[in-house]
Amino acid sequence: MSDPVIRTRFAPSPSGHLHVGGARTALFCWAYARGHGGRFVLRIEDTDRARSSDAATTAFVADLAWLGIDWDEGPYYQSQRLEHYHACIARLLDEGRAYRAFETVEELDAARAAVRSGGGGEGDRGGGRGGYRYDRAALQLDAATIEQYLAENRPHVVRFKLPDGDRVITFTDVVRGDIEVPAAELDDFVIQKADGYPTYHFAVIVDDELMGVTHVIRGEEHLYNTARHVLLQEALGFRRPVYAHLSLIFNPDGSKMSKRDKDRAVRAAVHEKKFESPQAGISRDQWDRWLSSKKHQLPAEVTERLAGALGVALPEIEVEDFRRGGYLPEVLVNYLALLGWSPGGDVEKFDAEYLIEHFALDRIIKSPAKFDRDKLLAFNLDALQAMTGEDFRDRLRAHGERYHGEFLRTLGAGKFSMFAGASHARSKTLDDAYRGCGFLVAADDEIVYEQTRAVRKALTGGDPDGYAHLEAMRPVLGAQNDWSIAALEQCVTSYADEHAGGKLGTVAQPLRIAVSGGTVSPAIFDTLAILGRTRVLNRIDRCLATRS
RNA sequence: GACCCCAUCGUCUAGUCAGGUCCAGGACACCAGGUUUUCAUCCUGGGAACAGGGGUUCAAAUCCCCUUGGGGUCACCA
């Protein structure tokens, strides 16, 4: 028999958008399958009915697609595969390798709390979980009692019965090496919840077997869980896949990078600015509950609305955040691949093809990595600058269609191309081009002149001052027929040569302020060209009117 | 707390498995100077690490042990 076809799978739980950590896992699974003539399976682990939503599934399927990660099979939904889990549970029950247990969640919580407090000293907060293990009380129930409970429809779970004896569970992880877990560290864990759904541990081993998964590449949080999976596989006679556990991705401050970071950012701003009233969309109750405890999180939409109202930038955590931020998918892929894997040597810029060809499990980094946004940004800048003008324009348009519709509506194709040309060299992200350029698509009377020192200095400093130059330039520009970038440059430069000692800046800055309201814009000639003569002259007049 | 994993510049890492070619290379960030019509770029130069302590060896970033630090797991969440 020849080697079985390699199969990897990405198996996220559908809650919210795809997180960068998940994206990296997906990327590695995908690259490994693609590089080894294998198949990549997408499976949605939606066995927690409270936390799963169709919207979330749709969202991260879109996120994966944007990254260029495609799959050969699926998406499979575990919620639609209950029959498979039930069949395996029944087998285990029949063989006495699993049993029903009738304790309630409350009872178990109380038991855990008792062990914790009885365990001795005052635990430091958060720590000291204690070593609670299920006491197997349900195993003592006699058949008649169980029969009766069942007849009463008493809710119950199914627990896996750990093999007897002091065995040590061993397995090999390709990144961590041989792992040993004494069975004594485990207890009879739940494999089927009271609602009839399998737990993660159970669904995962059934599906991996049924789907022929040969390589399991997943986050390090699952390393220890693997011992349970190994036991389950043995009990059911399943094959054992190759395991590779990836270390986690952290924030620069060392905390775990998580969706909660957004909530945290908003919370800090709310406290700082003493925001009191609840925001539209949530009740006073919800608001108070959120304020009272860091354990509560606001719905994502509310968090975003709040951030907008408070003027705080939410940290980019999910793939969609980076997309909105104007990062290129190929750059994110490149950067993510580098976080936890290295091709060796000095290579660090590469594309998906390269990753597929070179990605290997034995070069996965063991230690956790911090997510460095500066480096990602630098990579994005490099990729943007390496593009042709046409490519940049097309990408900029695609980004605008999704996030900045007003530019597409206001600027015609010709003006948009000028806008792209003017933005290319100065953009680190696609979004940079739009950010701060609202004046290009605003009406003349919407321009607000910034009241800053830099503005005042450019307008009133020097002799003659900026206003005087504006006043003098106004008829010059009014008489300018050729409104091309080159002609404008010629026109303004020669004015500067004659009246400003050749210092373009003393003329360009007042002009920039007049047409944009501030001191920052694309190159001045491009800006004037995009705006067109009428608007430029209008704005110069409006600016001159602010002269005191 | 128990059990387990990890450890090279501020950050991501190359080098570690097959010890010498490494007074440790690259990238991002930082600092200094320069170019530029603003912002952003761009150019030149610079500082910056083998966590600590013991071993083994002619020789250790590389092998072993301890300490310290960081992380993971301990749910009817995945």
Side-chain angles (χ1 to χ4, degrees), chain A residues 11-13 15 45-48 50-52 101 103-105 108-109 112 116 119-121 123-124 127-133 155-159 173 175-177 179-182 184-187 189-195 197 199-201 203-204 219-225 227 245 247-248 250 252 254 256 335 338-349 362 365-379 381 385 423 425-428 432 436 454 458 489 492-493 496 503-509 511-513 516 518-525 527:
Chain A
S13 60
S15 53
E45 310 228 320
D46 55 353
T47 53
D48 181 349
R51 292 213 302 182
S52 302
E103 290 83 0
T104 62
V105 174
L108 292 171
D109 283 346
R112 270 183 213 109
R116 202 177 321 163
D124 41 331
R129 301 275 238 89
Y132 174 79
R133 296 172 67 216
H156 64 275
V157 300
V158 176
R159 285 179 183 271
D173 179 277
V175 352
R176 317 266 153 190
I179 307 291
E180 298 187 351
V181 179
E185 294 293 321
L186 272 25
D187 68 353
F189 55 95
V190 173
I191 54 179
Q192 181 174 288
K193 299 181 261 187
D195 64 5
Y197 278 64
T199 58
Y200 161 76
H201 299 300
V204 94
E220 194 193 3
E221 67 268 26
H222 292 301
L223 181 65
Y224 222 59
N225 291 334
H245 287 92
S247 54
L248 272 20
F250 291 97
K256 189 173 167 181
Y335 182 73
L338 239 28
L339 223 49
W341 179 77
S342 163
D346 292 341
V347 180
E348 55 173 17
K349 295 280 183 70
D362 61 6
I365 313 293
K366 294 177 182 172
S367 46
K370 290 176 184 169
F371 195 95
D372 183 356
R373 286 193 181 71
D374 286 334
K375 186 155 180 170
L376 206 216
L377 191 58
F379 273 33
L381 169 86
Q385 301 314 319
S423 304
R426 59 194 294 276
S427 299
K428 292 187 174 187
D432 277 352
E489 175 163 12
V492 177
T493 314
K503 287 179 155 174
L504 190 53
T506 59
V507 184
Q509 274 312 77
L511 269 176
R512 194 185 313 277
I513 291 163
S516 76
T519 56
V520 177
S521 86
I524 190 62
F525 310 117
T527 303

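Order of the sequence lines fixes the chain letters, A, B, ..., with proteins taken first and strands second; residue numbering starts at 1 for each chain.
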Nearest-angstrom distance, [atom1] atom, [N] to [M]:
N: G47(B); M: U67(B); atom1: P; result: 38 Å
N: C17(B); M: G72(B); atom1: C1'; result: 24 Å
N: A49(B); M: G26(B); atom1: P; result: 14 Å
N: A32(B); M: U37(B); atom1: P; result: 23 Å
N: C64(B); M: U16(B); atom1: C1'; result: 14 Å
N: U35(B); M: G71(B); atom1: C1'; result: 46 Å
N: A14(B); M: U21(B); atom1: C1'; result: 16 Å
N: C23(B); M: C3(B); atom1: C1'; result: 41 Å

Quick one: salt bridge (charged side-chain N to carboxylate O under 4.0 Å, His left out) partners of R373(A), sequence neighbours excluded?
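Per chain and number, R373(A) pairs via salt bridge (charged side-chain N to carboxylate O under 4.0 Å, His left out) with E316(A).
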Qualifying residues under salt bridge (charged side-chain N to carboxylate O under 4.0 Å, His left out), relative to K428(A), sequence neighbours excluded:
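If we apply the salt bridge (charged side-chain N to carboxylate O under 4.0 Å, His left out) test to K428(A), skipping adjacent residues, there are no hits.
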Both A369(A) and I524(A) contact RNA chain B. Taking the nearest nucleotide for each, which residue is further toward the 5' end?
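Comparing both residues, the 5'-ward one is A369(A).
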Starting from the 5' end of RNA chain B, give me the residue, G344(A) or A11(A), whose nearest nucleotide shows up first.
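Counting from the 5' end, the first nearest nucleotide belongs to G344(A).
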Touch check for [X], heavy atoms < 4.0 angstrom, all strands: base, sugar-phosphate only, or nothing?
X: L376(A); value: nothing
X: D362(A); value: nothing
X: P155(A); value: nothing

[atom1] of [X] versus [atom2] of [N]: gap in Å, rounded?
X: I179(A); N: C3(B); atom1: CD1; atom2: P; result: 16 Å
X: Q192(A); N: C76(B); atom1: CD; atom2: P; result: 14 Å
X: Y335(A); N: A27(B); atom1: OH; atom2: P; result: 16 Å
X: Y200(A); N: C77(B); atom1: OH; atom2: C1'; result: 11 Å
X: R373(A); N: U11(B); atom1: CZ; atom2: C1'; result: 13 Å

Output the single nucleotide from C77(B), A2(B), A29(B) whose closest atom is nearest the side chain of A378(A).
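Between C77(B), A2(B), A29(B), the one nearest the side chain of A378(A) would be A29(B).
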Report, one pair per line, the protein and nucleotides 20-26 of chain B atoms (nitrogen or oxygen only) whose separation is under 3.5 Å.
none

With both distances kept under 3.5 Å, what pairs with [N], Watson-Crick or G-U wobble?
N: A18(B); result: none
N: C3(B); result: G72(B)
N: A32(B); result: U44(B)

Give every pair of a protein N or O atom and an N or O atom of nucleotides 40-42 of chain B that lie under 3.5 Å apart, one pair per line with the distance.
{"from": "A40(B)", "atom 1": "O3'", "to": "K428(A)", "atom 2": "NZ", "distance (Å)": "3.4"}
{"from": "A40(B)", "atom 1": "O2'", "to": "R426(A)", "atom 2": "O", "distance (Å)": "3.4"}
{"from": "U41(B)", "atom 1": "OP1", "to": "K428(A)", "atom 2": "NZ", "distance (Å)": "2.1"}

Looking at A14(B), I'd like to know if its phosphate oxygens (OP1 or OP2) sit under 4.0 Å from a side-chain N or O belonging to S342(A).
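Affirmative; the distance criterion is met.
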Any S15(A) side-chain N or O less than 4.0 Å from OP1/OP2 of C77(B)
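False: S15(A) side-chain N/O out of range (4.0 Å or more) of C77(B) OP1/OP2.
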Sub-3.5 Å pairs of nitrogen or oxygen atoms, protein against nucleotides 66-71 of chain B:
none

Which residues share a side-chain hydrogen bond (donor to acceptor under 3.5 Å, both in side chains) with [X], sequence neighbours left out:
X: D109(A); answer: R112(A)
X: E103(A); answer: Y134(A)
X: T527(A); answer: S521(A)

Within the supplied structure, the quantity of interest is the number of heavy atoms (other residues, nucleotides, ligands) at a distance under 6.0 Å from K349(A) NZ; does it exceed 12?
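Correct, the count exceeds 12.
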[X]: ring-ring contact (aromatic ring centres under 6.0 Å, His included) partners, not counting sequence neighbours:
X: Y224(A); answer: none
X: F189(A); answer: F160(A), H201(A)
X: Y335(A); answer: F371(A)

Write out a two-atom table: protein N or O, nucleotide N or O from nucleotides 43-47 of chain B, distance below 3.5 Å.
none

Polar pair under 3.5 Å, donor/acceptor by atom type, side chain R176(A), base C5(B)
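For R176(A), whose side chain was compared with the base of C5(B), there is no donor-acceptor pair (under 3.5 Å).
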